[in-house]
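Data first, discussion second: the structure below is written as structure tokens.
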Amino acid sequence: MKILLIFAMEEEAKKTVEHFGFEQENLSTPLPYSLFKKNILGNIVYLSSLGIDPRFKVNSVGTVPAALTTYDLLDKKNFDLVINPGTAGGFQRRGGEIGDIYLPTKVLFHHREIPMGPYEPYGLGTYTPYDLSLLRGKLKFKEGVFSTSDSLTCRDHEIDFFNINSVVVKEMEAAAISYVCEQFNKPYLGVKSITDIVDGGRVTAEEFMENLDTASKNLQEFLEKLLNHFLGQES
Ligand code: ADE
């Protein structure tokens, strides 16, 4: 089995890279993403983070780098499964807490509003991720609807969208990666660890920075169990 783990930020990926002993691989690409490889029981696992933007010197977060990186890697290497671990905002009114691990039942875009007949559902996306019935009972996680936009912040009208669509995870890459996976007919599985509570009243950026380390640790621990599941090892 050949798996791709695609993270947005180096900080989110660091603990997983170190824990498994992934080794850097060089690939010819104009994109800034980094790539690591690890052979686990005859299975090839690649790990990528979107990389440092050469001009702004920050992680290349968001939908455009996520889609381009996923496209480039799926085009160059034929993965059986794309796992997208990362951090996200959760919702206290739907039971979300800092450090929770969520997997998606459905993936939407919440910033693509095109009220023009069939363009409306196109904007929303509504991607179908990896079938969670294959993981329930084997691993401990929360689940629900993920929604993506290019903003860390949340505008008032977006709260209505999140309530109407029962969104449990607000983040910045899942729908873009899902879109590319759909074009390649490859399964997408998001794994998001909660760093901040969208409806909790805190300043998102502050709460995010406070909880990034804990959330990344939870992510690494869950990914170990998830990879053991897919690669047939006991955890
Ligand atoms: N990543 C972590 N927290 C987030 C939030 N509240 N919105 C979007 N992306 C996030």
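First listed ligand is number 1; within each ligand, the first listed atom is number 1.
Atoms of ligand 1 lying under 4.0 Å from any heavy atom of Thr195, numbered from 1 in the order shown and given with element: 2 (C), 3 (N). Shown in contact with Thr204 at under 4.0 Å from a heavy atom are these atoms of ligand 1, numbered in order with element: 6 (N). In summary, the atoms of ligand 1 found under 4.0 Å from a heavy atom of Met172, numbered by their order in the structure, are 8 (C), 9 (N). Set against the non-hydrogen atoms of Phe208, the atoms of ligand 1 under 4.0 Å away are 2 (C).
Considering only non-hydrogen atoms, atom 9 (N) of ligand 1 lies nearest to Glu171 out of Glu173, Glu171, Glu158. Counting heavy atoms only, Gly89 comes closest to atom 4 (C) of ligand 1 of the residues Gly89, Gly90, Ser193.
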Are Tyr46 and Phe22 close enough, and set up right, to give a ring-ring contact (aromatic ring centres under 6.0 Å, His included), and what steps lead you there? CA-CA 8 Å; Tyr46 278 90; Phe22 275 92; 8.9 Å; no
Take Glu171 and Thr148, measure what side-chain hydrogen bond (donor to acceptor under 3.5 Å, both in side chains) needs, and give me the verdict at the end. CA-CA 5 Å; Glu171 57 77 75; Thr148 301; 2.5 Å; yes
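Salt-bridge check for Lys217 with Glu221: passed, with a basic side-chain N closer than 4.0 Å to an acidic carboxylate O. A salt bridge links Asp213 and Lys15; the closest N-O separation between the charged side-chain nitrogens and carboxylate oxygens is under 4.0 Å.
Contacts of Ser151 with ligand 1, taken as heavy-atom pairs under 4.0 Å, involve the backbone alone.
Nearest non-hydrogen protein atom to atom 7 (N) of ligand 1 is Lys170 NZ, 2.8 Å. Of the protein's non-hydrogen atoms, the one nearest atom 10 (C) of ligand 1 is Leu152 CD1, 3.6 Å. Looking only at heavy atoms of the protein, atom 6 (N) of ligand 1 is closest to Asp196 OD2, 2.7 Å.
Judged by the 6.0 Å and 45° rule, Arg93 forms no cation-pi pair with Phe91.
Between His110 and Ser147, the side chains place a donor N or O and an acceptor N or O closer than 3.5 Å (distance only, hydrogens not considered).
Val61 approaches Leu50 most closely through the heavy-atom pair CA-CD1, 4.4 Å.
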